[in-house]
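Below you'll find the structure, written out as structure tokens, and then a few comments.
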2 protein chains.
Amino acid sequence: MVEDVVRTLGFLCLGSRLRRIGERLQADTQQVIDEAGLSIQAGKYPFLAAIDRSGPLTIGELAQAVGITQPGATRTIGQLLELGFVDMQPAPDDQRRRLVSLTGKGQDLVDHSKMVIWPRIAAAVADLCGDLDGPILEQLAAIEDGLAAVPLARRHAAKEEEA
Amino acid sequence: MVEDVVRTLGFLCLGSRLRRIGERLQADTQQVIDEAGLSIQAGKYPFLAAIDRSGPLTIGELAQAVGITQPGATRTIGQLLELGFVDMQPAPDDQRRRLVSLTGKGQDLVDHSKMVIWPRIAAAVADLCGDLDGPILEQLAAIEDGLAAVPLARRHAAKEEEA
DNA sequence: GAATGTTATATAACGCGTTATATACTCGCG
DNA sequence: CGCGAGTATATAACGCGTTATATAACATTC
């Protein structure tokens with residue numbers, strides 16, 4: 001068995017480690033979505049949720065809302081356009097800005113997800129790390145170990161089952 | 001100002017959020033490395049550190065050690081080979097396995113980094129989040145806010161300056 | 001009102017992770 | 001020995017982030 005250097009090095013590799021855990025978590029989230037029969041990628045949800053919460057947004061606002069750069073937002077919105085979940089039209093007062101809104105199909109997906117899949121995911125993640133506390137490195141170790149022990153797709157909110 | 005949906009959605013977007021923070025942290029780390037005049041990318045350090053700690057390792061062991069998949073390790077090691085930091089030769093007993101070791105240049109880089117740059121990075125990250133405690137979402141918010149307020153490159157271990 | 005600067009989006013190229021698959025070597029067994 | 005199964009690495013293709021730069025529309029200034 002080889003030692004996990006990223007974990008061993010602690011603060012020195014915190015960036016790598018957060019990325020690694022984030023990727024793992026997102027892959028597990030994707031599995032939950034797939035098992036629910038939804039045809040959407042996990043990374044696209046924040047865009048749909050942003051529009052659902054705030055109404056039509058421009059590309060630039062979407063980039064800000066999901067915390068990525070503008071070219072990244074342009075690309076993902078392009079994909080959502082092709083998938084038919086959003087619609088885009090120039091802002092009436094400024095032809096440079098493009099207002100992105102949900103289509104009926106997109107709104108249906110959001111509405112369905114809000115009821116069925118988002119609570120499921122949030123509950124699974126809460127089960128994984130909702131009760132954690134203490135220094136961040138310890139929590140990250142607990143999250144990594146927790147995911148290895150029971151993948152996200154098999155988790156649900158901790159109830160009083162053991163009672 | 002647009003709301004940060006990833007932060008707002010909490011556990012639901014934890015994967016995206018960890019990735020995002022990890023990327024930001026790693027980019028800031030890169031800046032520290034660049035400012036120190038070193039010509040190496042932050043993401044390659046874990047590979048060098050793994051070999052430094054454990055001696056020559058195969059591609060597969062390196063992948064395990066840094067927590068990525070084998071093709072990712074193959075690629076990064078290919079780059080380190082081109083940069084002249086590592087050397088690769090078939091294992092004597094099994095021609096399938098390739099043992100990756102540090103070259104003199106690679107060892108020099110590691111030795112120098114261990115003295116000069118790694119402590120600097122670890123101290124900056126510790127300054128950012130070493131004293132944090134509590135639920136993970138709160139710590140992540142503190143880290144994001146902290147990075148926005150004072151980038152990693154301008155941080156150092158918190159001393160009793162305020163005394 | 002034409003030149004110039006600024007802002008919003010798009011495009012290109014790259015970094016670094018992934019999965020899927022090909023290839024080369026080793027091992028075990030008839 | 002030779003052949004099929006398994007293992008280690010390499011390659012290809014893609015996801016999704018980045019930076020740098022091009023283009024189009026608006027704003028300003030003389």
Quiz item: Just to confirm, is there a sub-4.0 Å distance from OP1 or OP2 of dG15(C) to any side-chain nitrogen or oxygen of Gln30(B)?
Solution: no
Self-check item: Interatomic distance, Ile68(B) CD1 vs dC16(D) P [rounded to whole Å]
Solution: 19 Å
Self-check item: side chain to side chain contact (heavy atoms under 4.5 Å, CB included) partner of Phe47(B), chosen from Val86(B), Leu102(B), Ile68(B)
Solution: Ile68(B)
Practice problem: Classify every nucleotide of nucleotides 19-25 of chain C by which part a protein heavy atom approaches to under 4.0 Å, writing B for the base, S for the sugar-phosphate alone and - for neither, in 5'-to-3' order. | Solution: BB----B
Self-check item: Sugar-phosphate only, base, or nothing, as touched by Arg20(B) at under 4.0 Å among non-hydrogen atoms
Solution: nothing
Exercise. Return the minimal non-hydrogen interatomic distance between Thr29(B) and Ala42(B), and the atom names on each side.
Key: CG2-CB, 4.2 Å
Quiz item: If only side-chain N and O atoms of Lys44(A) are considered, is one of them under 4.0 Å from the OP1 or OP2 phosphate oxygen of dG15(D)?
Solution: no
Quiz item: Which comes earlier along DNA chain D counting from the 5' end, the contact point of Pro92(A) or that of Gly43(A), where each point is its nearest nucleotide?
Solution: Gly43(A)
Self-check item: Pairwise 5' ranking along DNA chain C for Arg75(B) and Asp93(B), keeping only the more 5' one
Solution: Arg75(B)
Quiz prompt | Taking every non-hydrogen atom, the tightest pair across Ile117(A) and Ala36(A) | solution = CD1-CB, 3.4 Å
Self-check item: Length of the line joining Glu23(B):CD and dC16(D):P, which is rounded to integer Å
Solution: 12 Å
Self-check item: Distance-minimising heavy-atom pair for Ser113(B) and Tyr45(B)
Solution: OG-OH, 2.7 Å
Self-check item: For atom CD of Glu61(B) and atom P of dT9(D), their distance in whole Å
Solution: 8 Å
Quiz item: Is the shortest side-chain N to carboxylate O distance from Asp4(A) to Arg17(A) below 4.0 Å?
Solution: no
Quiz item: In whole angstrom, what separates Asp28(B)'s CG from dT18(D)'s P?
Solution: 13 Å
Quiz prompt | Gap between atoms CD1 and P, on Ile59(A) and dA24(D) respectively (whole Å) | solution = 17 Å
Practice problem: Examine dA10(C): is either OP1 or OP2 under 4.0 Å from a nitrogen or oxygen in the side chain of Arg98(A)? Give yes or no. | Solution: yes
Quiz item: Taking atom P of dT9(D) as reference, at what distance in whole Å does atom CD of Gln64(B) sit?
Solution: 11 Å
Quiz item: Rounded to whole angstroms, how far apart are CD on Gln41(A) and P on dT18(C)?
Solution: 17 Å
Quiz item: Can you check the Ile77(B) CD1 to dG17(C) P distance for me, whole Å?
Solution: 11 Å
Exercise. List the atom of Gln41(B), the atom of Gln30(B), and the distance in Å for their closest heavy-atom pair.
Key: CA-OE1, 3.3 Å
Quiz item: Ion pair present between Arg24(A) and Glu144(A), side-chain N to carboxylate O less than 4.0 angstrom?
Solution: no
